[in-house]
Structure formats: C-alpha cells, structure tokens
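In what follows, a single structure is set out as structure tokens and then discussed.
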Amino acid sequence: MKIMVAIKRVIDYAVKIRVKPDKTGVETQNVKMSMNPFCEIALEEALRIKEAKLASEVVAVSMGPSQSVDTLRTGLAMGADRGIHVEFNQTLYPLSVAKILRALVEVEKPGLLLLGKQAIDDDCNQTGQMIAGLLNWPQGTFASKVILDKEKQVATVDREVDDGIETLSLNLPAVITTDLRLNQPRYATLPNIMKAKSKPIKKFTPQELNVEIKSDLEVVQVTEPPKRKAGILVSSVDELIDKLKNEANVI
Amino acid sequence: MVNWNWKATFRLIKRSPNLFLERRCTPPAVVPGFRGFSSGSTAKSQCNTFHGTKRIFPVSDYVETAGICIGMQGGVQRQCYSSLAGLVNRNPRFSTLNDEDIRYFEGILGNKNVIQDEERLIAANTDWMHKYKGSSKLLLLPQSTDEVSQILKYCNSRCLAVVPQGGNTGLVGGSVPVCDEVIINLSLMNKILSFDKVSGILVCEAGCILENIITFLDNEGFVMPLDLGAKGSCQIGGNVSTNAGGLRLLRYGSLHGNVLGLEAVLANGTVIDMLKTLRKDNTGYDLKHLFIGSEGSLGIVTKVSILTPPKLSSVNAAFLACKDYISIQKLLQEAKRRLGEILSAFEFLDGQSMNLVLNHLEGARNPLPASMHNFYVLIETTGSDESFDKQKLEAFLLHSMENELISDGVLAQDINQASSFWHLREGIPEALMRAGAVYKYDLSITVEKLYDLAEEMRTRLGNVANVVAYGHLGDGNLHLNISAPQYDDKVLSQIEPYVYEWTSKHRGSISAEHGLGLMKANKIFYSQSHETVQLMASIKNLLDPNKILNPYKVLPDSVSS
Ligand SMILES: Cc1cc2nc3c(=O)[nH]c(=O)nc-3n(C[C@H](O)[C@H](O)[C@H](O)COP(=O)(O)OP(=O)(O)OC[C@H]3O[C@@H](n4cnc5c(N)ncnc54)[C@H](O)[C@@H]3O)c2cc1C
C-alpha cells in the first residue's frame, strides 16, 4: 500500500507574524518558512506506518511556489520516498487544494491519504474534509492515534472530541487528518538529508492535472488582534471587588 | 474544538509534558526579593548561621554552604566565612547600619524602595547557585542615576559598604553581600532610553533585563550581540560589569567592542557621563573600559549604550556528534574556513554533559537517540540568504561527514528544532544545579589543550564526582564543572588548587567570562602578574578610597585592605 501525505510550507511557527501595512495579508518577505507542524506529524505517522511494514511507499505532496521544493526536501530527509510538487504562485484555498489532491490520488492511487488537521497560516481546517468528500472516502479527522490492519484493510482512529476520545473504524482507502498528540516528529539526520538529495520530485501544474483554480473567496482585510492591555495590581480585596463591580461590570 | 486558537493550544500541550518547543531555556526568574524559597527553608540572614553546615534542599533547591564573614554585629564578634572562599574578615572600618541610615534612605527613595522585609532579603542575600549567602539587612531599589548617586554619596560619607546587584545570576559570588553590605539593586532602572535605527545604537538603563532588550531589538529588526542562558534574569548592567561573553562572542566579539559608552556613579556619588554613541572617539583614556568587567568594584553602572547589528533572517543550527576531541578541533578549523562569515556559534558538550541534561533537564530530548557519543557540537550559522546559507552549511556538513570529523548529526528544519538544540546546551547549568553540588570553573585555555584538563580531573577524582565539560569552544572557553551529591571539603581539596595551577601552567585564564567575585579574588595571581595587580589596586584606591564598593571581591586581600 502507498501512503500519500500533503505537506504545506508556511511561516515558521516560532516567527512573530506581522501584518502588511496595507492590510492585504501578512508579511512573508524575509520571513523564515518551515513545514506546517501538523503536516510534519502527518508525515511522521506515515513513516511509522511504513517502518511497521504496513505500507510500501510514502509520497509527499506540496503545492505552492518553487520554494515548496525545500519543504519537500525536508519531507524526503525525514524519510518520504519521493515528492510531488504542484507549482502555483498564487494563494490556494482549501477547495482548490482538495481538487488537486483528488487529481493526484487518481494518478498515484494511494491506500491512505494523510494530512495535518489544519495549516497554521490560514487555520482553515477544511482540506481533509473536502478531499474526503470529493473522493467519497471515509474520514478520520483530528487523529490522536492510528492503528492499521493490513489484512482487513481497516484503519482504527482515535479522535479528540470535546468530551473525550472517539474511536472510529475506517475502511481503506481513507483520509486521516492529524492532531498534535499523535506523535513527535523525528529530526532530519545528516545521512538522510544527503540521501534526500537524490530522491525524485515530480513537478505538475494544475493545468496538467486538469484542475481549474478559481477562487470563490475574497480576502477583504487582514488586521492584527487588538493589543492586550497591561494588568494592574490591586492593593486589597475590597478594591478588587469594587473594580469588578464598577469598572468591569461583571459582578 | 476545531477552530480554537491552535497556537495557544500548541504551546500549552507541547510545553508541559514534552518541552521540545520551549525556546531558549532560562533559569527561574530571579527577581530580587521575590524569589520563592521552599517553605522548609530555615535559612537565616545572620552571617554565621551556616558556619560549617551543609544542608540539602529538597527537589530543585540545592546544597548550601556558608558565605560568612567575621565582624562586629550587635556587639558580638562574628567569625564568618565561606567554605569555598576561605576565611573573610569583616572589615572593621565599615560602619554598621542604624535607624538613622534607614530614614535617610527612605528620604531619598521613599519607603517602598527601601526593603527590610526578611523574605526579600533572603533572596537578595543568596546567589543563583545557593552557594554564597550574605547577611545584609537592607536592600535599596533606586529608580534613577540621581538616586544611586545620593545613596553612594551617603554610604561613602558613613563608610557603609555596598554591593551592586543586577539580576543576581553571577556565578562567582560577586552579586551578594559577604557580610552586611547594603544591597543596591538596579532592577527598577529598566527603561530603554533610545534606539537609533540607522546606526543600530541602543541606549538603556542598567537594570534592563537582557531578554527584554533582545525582544525589543528583535521587533526593531536588530539583534543583541550578547546572548546567554541566564538572559531571562540577568541585567545589562550586570552583563557589562562582568563583561559577560556568552554564546555569540565568536561572531560579535566582546562587550569591550560592543559597548560604545556608559554612565557610572563612583563611590563618592560623582556621576561620570561616558554615555557616548560614537564608534570612534580617541580623546584621551577610554575610561569606560574600566567599568566593563570590574564587577561593581569601581562604580555602579547606571546606563549603557550598545552597538547592535541588524537581524539577519537566515539562521540555521546543526547538532552533531564527534568521536573524539581531535575531530572537534578539526571541525572547528574547518567550520571557520568553510562557513566563514556565516558562522555564529560553535559550542561543545561532552558525553557526560549530555547525559546530565537528558537526566536532569525538563523537556530535554536527545536529537541523536540511536547511541551515545563522546562529544556533541552545536553549530549555528546566521546570514542573509536562506538557500545560500543552507547549501553552504549542508556542503560543509557533508564534507565533514566524509572526512569522519562528524559521526552523526541532525540539521534543524525549523526554529523549534533549533531551539530544542539550544535548550540542551543552555540548560546545562540548570541541570547541574538539579544534580546536586557543583564546583564551577570557567577557564580560558588554548583549544588544543582545553580538554586535557577534564580528562586529568576524571583520573584524579575517580568515581567521587562527575566531571562535566562543555563550553564556548570557538572562543577557547571551557566550563569545567564537577558535580557531586553534596559539597565536601575533601573533594574540593582534590580540585583546588590543582585546576588553577594547571591553568596557570598552560598560560590560561582562571576566569574566562564569569569574573573573580568572591570565589576567585585571592586566585588572581594565577593569571595576572604582581605588577598588574598592584596597578589594579591603585586604580581601585583612586576611584574608591574607602573601599566601600563590593568589598572582599575581585582583588586579593593582600592588596585591597
Ligand atoms: C544559567 C546561566 C548561564 C550563564 N551563562 C553565561 C555565559 O554564557 N557567559 C557569561 O559570561 N556568563 C554567564 N553566566 C554568568 C553571568 O556572569 C551572569 O549571568 C550575568 O552577566 C550577570 O548579570 P546579572 O545582572 O545577573 O549580575 P549579578 O549577578 O547581579 O552581578 C554580577 C556582578 O556584577 C556586579 N553588578 C551587577 N550590576 C551592576 C551594575 N549595574 N553596576 C556595577 N556592578 C554591577 C555585581 O556586583 C557582581 O559583582 C551565566 C549564569 C547563569 C545562571
């Protein structure tokens, strides 16, 4: 069985985000970009499944500008067998990403599609659900545990829901999106970074995959959240009660 | 639950059980007067309480030995000493604090900033390692240069000894009183005064916490040329006064180069304004250098101006394993040659250090878990072109691997991974504290010979203590730490004076960056000639004739009394 993993290049998790002065988006010039942390978890899971001999190949897919190849190289250095880069230089929204993935699924025919539950740049949390819908595959979102049964062609997925853990059993092929607690991704070791240099990355354009990219979304404005005001120290319980009553109006 | 603020969650979850996302480690905030002590602590501020006693604090508290002095207090002759620093006599020339003094200080600072509260005094009297403990009855928190000046003028006229204090993270017992010196802590002088974006020159008050300056500069698109593990607590005034080296000295040079000017208050209250913002200024003797690294013995630094380089966007970090010390030396040479202008740190830790952090530091994760290695190296590059820098670093690493200088390694793929490498290196002092008693030596030795000392100490000490060696290899700076379950004079006599003699024999320095403080004041002759020390004493005499500033420290008894 082949596993396909979608990985996205985003502004590094640890970078302080700055909104562009014209409010059209966030500053990405000269900003450190890295693999979306949830995608990293998805890829780690795929690699573990392969190492447990439950899959034969892990294919990493990334969409975006040419620098997305760097993200794919990271994926290959972590252990993916090969990469697919779908080159596109404008913003891609979840539905377009899902359509491209559907086209790639038709080419690659994976038995399992793994994605991060959301990308940390747009926080959409839609792609996994949309691609499952487009393919009509079962989906297990926010996975915190994945167990594969190769014989029965079934994946058991624990998902984190508001009131606890829900366990699902999915028939393969299926879509799984990964949550934070699923695993701790590995580091890219030097020997693997070197090996990754000779692993193949295939390039497509959306046109070649017969996917028409049109956006039904328009970003009106991006603004920073209001700054938190500094707290104050009150000197007595009475003062606190007074402020809660008369200033905050909460009691 | 889906669209919660993922970042907050991400942080929360990742920080608690597995701290791998924790950015640089900082020691617990050491806010003067606010440091929590375990409730079981019965520490008293009397200077002779711990005479010869050794106690072990539970959990994260550590072994404590006395820093005690001899003198007159309440009419009783007191013998005070630190078992590590040797006997110290309270200088009888110093007056003892009285109510009138307190009222005078309250007149200058207001009641709020004249602290006599026992809890807060315990914290301010105790150093970061819980190794030195003074018995001061008074902590002063000035808010301006003028207040510092008035305090000193008064103390000088009354012959009251004082100890200048910053973040109290110093590692040589310099920042806490030895006896009953008045503590002058600069933490309320924490304002950034100006920043010139064209030249990158920052002017700020001495009490600014290093990490706050780093954050401020980061927002402005600049970097602080100084970074060290204690950044969350230490103050720029303390950094300047100890001439702290830290993790980026290799790249940006020492504070003697980066500090463009400062303002200091002399013992008699005179304010010396050397707060220049010029790179070049050859008008007479460059006196600011006297205050850089003089550990509060010549004056109190109140303002600083620092040259800061622009922040470059491409930072890469690799964590590598080496089989022996020869390979590390070759790797350093190669790194300087092949990484050249982008090399920004070259830190090493030995296998014992790695074991220690993995066992004692929260959130430590071994980046190379397959097997344990003899040595580890953290290399960082900082440059302006992401893809070029990465290519260059990868090519260097590949080459070093082929030549078997590196036996294994990982390259950080994002900032969190880089931070987790730094967490290991910066967390060693904290891990050492958690492991028990620690004898710390901070030595400059030629890189070639540097590790021989660690090996000799291992042979000398056998299984009595754990010898842990790490440091700023790129600067020839070894942090030799000897970790034992508790302080023991027998262990100490195995270490000292051997370590100092060895270092002196190899023409090294017995204090590369931590200073002399109380711990090494009398050891100065291992690294300086008699003539040099005499000249230092003359300078001290000129600037502080009553010797009220940080007594018993930096200079040896033989020249300072
Ligand atoms: C975890 C950890 C890591 C460290 N790593 C490094 C490192 O990599 N490199 C390095 O060089 N050091 C290191 N240190 C020690 C270092 O010397 C201090 O952290 C720092 O420079 C001292 O700053 P501070 O504000 O805490 O000063 P304090 O500890 O409060 O004082 C240090 C000395 O300076 C004097 N002083 C303080 N403020 C003033 C002032 N405004 N005017 C005059 N005198 C003053 C004090 O009297 C004392 O003698 C480390 C310490 C810790 C705990």
Side-chain angles (χ1 to χ4, degrees), chain A residues 9-18 29-38 40-41 66-67 69-71 73-75 77-78 116-121 123-126 128-129 141-142 144 159-163 177 179-181 184-194 196-197 225, chain B residues 1-7 9-14 17-18 20-23 215 218-219 221 311-316 318-321 365-370 384-387 390-391 393-398 400-402 406-421:
Chain A
R9 178 174 178 270
V10 297
I11 294 182
D12 192 286
Y13 150 77
V15 165
K16 191 168 174 279
I17 303 290
R18 266 173 248 267
Q29 284 286 313
N30 261 328
V31 170
K32 169 90 176 164
M33 306 291 278
S34 302
M35 194 190 298
N36 178 37
F38 293 107
E40 225 182 329
I41 294 168
S66 57
Q67 297 95 318
V69 170
D70 295 343
T71 309
R73 288 277 169 226
T74 297
M78 284 174 70
K117 73 166 182 183
Q118 71 197 69
I120 65 167
D121 50 1
D123 275 353
C124 281
N125 185 291
Q126 294 163 354
Q129 293 86 332
T141 51
F142 319 122
S144 59
R159 7 180 3 243
E160 296 181 1
V161 291
D162 275 347
D163 37 15
T177 75
D179 214 330
L180 213 53
R181 272 172 277 249
Q184 190 175 32
R186 67 196 60 193
Y187 294 112
T189 65
L190 294 180
N192 287 341
I193 290 171
M194 301 317 160
K197 291 197 185 302
Chain B
M1 60 150 254
V2 259
N3 278 327
W4 54 18
N5 179 340
W6 85 270
K7 270 199 182 186
T9 326
F10 203 68
R11 262 172 236 251
L12 259 173
I13 296 171
K14 287 293 183 186
N18 46 8
F20 90 95
L21 285 176
E22 192 68 77
R23 301 201 63 187
T215 311
D218 190 67
N219 284 331
K311 182 180 158 190
L312 302 179
S313 58
S314 144
V315 179
N316 286 296
F319 197 85
L320 313 167
R365 174 187 178 196
N366 188 351
L368 301 165
S384 54
D385 186 326
E386 179 79 40
S387 59
K390 197 149 195 175
Q391 242 175 27
L393 180 58
E394 279 183 7
F396 160 73
L397 294 173
L398 177 65
S400 306
M401 212 127 175
E402 277 165 1
I406 306 174
S407 34
D408 201 357
V410 286
L411 183 58
Q413 302 295 312
D414 57 39
I415 298 176
N416 283 320
Q417 292 188 358
S419 303
S420 71
F421 300 167

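Each chain gets a letter, A, B and so on, in the order the sequences are listed, and its residues count up from 1.
Residue contact with chain A, scored on non-hydrogen atoms closer than 4.5 Å, is absent for B/Leu312. Proximity to chain A (any heavy atom under 4.5 Å) is restricted, for B/Asn316, to the side chain, taken from C-beta onward. Of the atoms belonging to B/Glu386, it is side-chain heavy atoms, and not backbone ones, that fall under 4.5 Å from chain A. Only the side chain of A/Glu40 comes within contact range of chain B, with at least one heavy atom under 4.5 Å from a heavy atom of that chain. Contact of A/Arg73 with chain B is not made at all, since no heavy-atom distance falls under 4.5 Å.
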side-chain contact (heavy atoms from CB on, under 4.5 Å) assessment of B/Gln413 paired with A/Ile193: CA-CA 11 Å; B/Gln413 302 295 312; A/Ile193 290 171; 3.9 Å; yes
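Here the shortest heavy-atom pairing between B/Gln417 and A/Arg186 reads NE2-O, 4.0 Å. Nearest heavy atoms, A/Arg18 versus B/Asp218: NH2-O, 4.0 Å. The shortest heavy-atom contact between A/Tyr187 and B/Ser420 is OH-OG, 2.8 Å.
Top candidate by heavy-atom pairs under 4.5 Å with chain B, chosen from A/Met194, A/Met33, A/Lys197, is A/Met194. When each of B/Ser313, B/Gly409, B/Ser314 is checked for heavy-atom pairs under 4.5 Å with chain A, B/Gly409 comes out on top.
Proximity of A/Thr74 to B/Asp414: side-chain heavy atoms (C-beta onward) are nowhere separated by under 4.5 Å. By the 4.5 Å heavy-atom criterion applied to side chains, A/Lys16 and B/Asn219 are counted as neighbours. Residues B/Met401 and A/Pro191 form a side-chain contact, since some pair of their non-hydrogen atoms from C-beta on lies under 4.5 Å apart.
The distance from the CG atom of B/Leu320 to the OG1 atom of A/Thr189 is 11.5 Å, given to the nearest 0.5 Å. Taking CG of A/Leu190 as the reference point, atom CG of B/Leu411 lies at 6.5 Å (rounded to 0.5 Å).
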